[in-house]
Amino acid sequence: MLTFVGLGLYDLRDISVKGLDCVRNADAVYLESYTSRLSGCTLDEMQDFYGKEILLLSRTAVEVDPGPLLDRAATEDVVLLMGGDPMVSTTHIDLRIRAHLRGIRTSLIHGSSISTAVCGLTGLQNYRFGKSCSLPFPHGTWSPMTPVNVIAENRGHDLHTLVYLDIQDNRFMTIPEAVALLEDMAAKAGVAIP
């Protein structure tokens with residue numbers, strides 16, 4: 001069985017009691033930390049608190065070649081940890097589908113995520129949010145226009161947009177970087193975003 005356990009927003013204590021029980025009873029525990037990261041703790045602190053060795057997975061091991069993870073989940077109780085809530089990221093939805101196609105049972109233990117916390121943090125109404133989007137760091141000449149198009153479409157419907165900022169191995173996109181990227185995209189697309 002493969003159980004997706006959401007860790008919440010900030011540190012090792014944001015995990016639910018159900019999630020903690022699942023981790024402590026698992027045969028193997030993995031963590032992917034490229035879709036979201038808990039900035040309030042280290043991997044060592046998590047292992048000490050949870051009482052389990054946690055194996056760190058690369059993006060490739062989850063998105064491109066999840067075979068070894070799924071092979072293990074076919075015969076053992078495997079937990080995959082991630083910041084936030086498991087099914088917010090399409091990465092985890094894809095992995096769950098792959099497990100299902102191989103006949104591997106899956107389960108979910110939800111955690112708080114920015115998708116649910118944004119309203120409380122900003123005072124904005126959840127009913128006023130349109131489609132969300134990810135804003136990746138540009139790579140060479142590649143710079144997707146999807147974020148500015150999503151924002152423009154939402155603005156056209158008088159809706160807010162939740163923009164997920166990119167995380168790379170050794171850096172997090174800052175708000176000033178995000179604003180500069182979005183302004184550049186808007187200029188290239190001829191779209192006005194306030």
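If you read the sequence from its start, that first residue is 1, and numbering goes on from there.
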Between [atom1] on residue [X] and [atom2] on residue [Y], distance to nearest 0.5 Å:
X    : Y    : atom1 : atom2 : result
L55  : Q47  : CG    : CD    : 8.0 Å
E63  : D94  : CD    : CG    : 7.5 Å
M82  : S33  : CE    : OG    : 11.0 Å
I114 : D85  : CD1   : CG    : 12.5 Å
D77  : R72  : CG    : CZ    : 11.0 Å
L165 : M173 : CG    : CE    : 6.0 Å

Any side-chain to backbone donor/acceptor pair from [X] onto [Y]? Under 3.5 Å, distance only.
X    : Y    : answer
D65  : A61  : no
E32  : T35  : yes
D184 : A180 : no
T122 : V118 : yes
E76  : A73  : no

Student check: side-chain heavy atoms of [X] and [Y] closer than 4.5 Å:
X    : Y    : answer
C119 : Q125 : no
T161 : C133 : yes
I167 : R37  : yes
L135 : M185 : yes
V163 : S132 : no

Check ring pair (Phe, Tyr, Trp, His ring centres under 6.0 Å) between H139 and all other residues, then give those that pass, not counting sequence neighbours.
-> W142
Sequence neighbours excluded, the answer for ring pair (Phe, Tyr, Trp, His ring centres under 6.0 Å) partners of H160 is F129
If hydrophobic clusters are built by linking Ile, Leu, Val, Met, Phe, Trp and Tyr wherever their side-chain heavy atoms come under 4.5 Å apart, do [X] and [Y] end up in the same one?
X    : Y    : value
L70  : V78  : yes
Y30  : I93  : yes
I175 : Y10  : no
M87  : V62  : yes
L159 : L121 : no

Name of the residue among L2, T106, I104 meeting side chain to side chain contact (heavy atoms under 4.5 Å, CB included) with R96 = T106
So which heavy atom on [X] is nearest to which on [Y], and how close?
X    : Y    : result
G40  : D11  : O-CB, 3.6 Å
S113 : V88  : OG-CG2, 3.9 Å
P86  : G6   : CG-N, 3.5 Å
L182 : P147 : CD2-CB, 3.9 Å
E177 : F172 : OE1-O, 3.8 Å

Please go through [X]'s hydrophobic cluster and name the other residues, only I, L, V, M, F, W, Y counting, with side-chain heavy atoms under 4.5 Å joining them.
X    : answer
V150 : none
V64  : none
Y127 : none
L20  : V5, L7, L12, I15, V23, V29, L31, L38, L43, M46, F49, Y50, I54, L56, V79, L81, I109

SB check D158 R128 (cutoff 4.0 Å) |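 Salt bridge between D158 and R128, a charged N being under 4.0 Å from a carboxylate O: yes.
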If you measure only the distance, is there a donor-acceptor pair under 3.5 Å linking the side chains of T3 and S107?
-> yes
Consider only side-chain N and O atoms of S115 and Y164, and report whether a donor and an acceptor are under 3.5 Å apart.
->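 Yes, a side-chain donor-acceptor pair sits under 3.5 Å.
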R24 atom CZ, over 12 foreign heavy atoms within 6.0 Å = yes
Count the heavy atoms belonging to other residues, nucleotides or ligands that lie under 6.0 Å from CZ of R102, then report whether that count exceeds 12.
->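 Result for CZ/R102: enclosed.
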May I ask you to establish whether R171 and F137 are in a cation-pi arrangement, using a distance under 6.0 Å from NZ or CZ to the six-membered ring centre and at most 45° from the ring axis?
->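 The answer is yes, since R171 meets both limits relative to F137.
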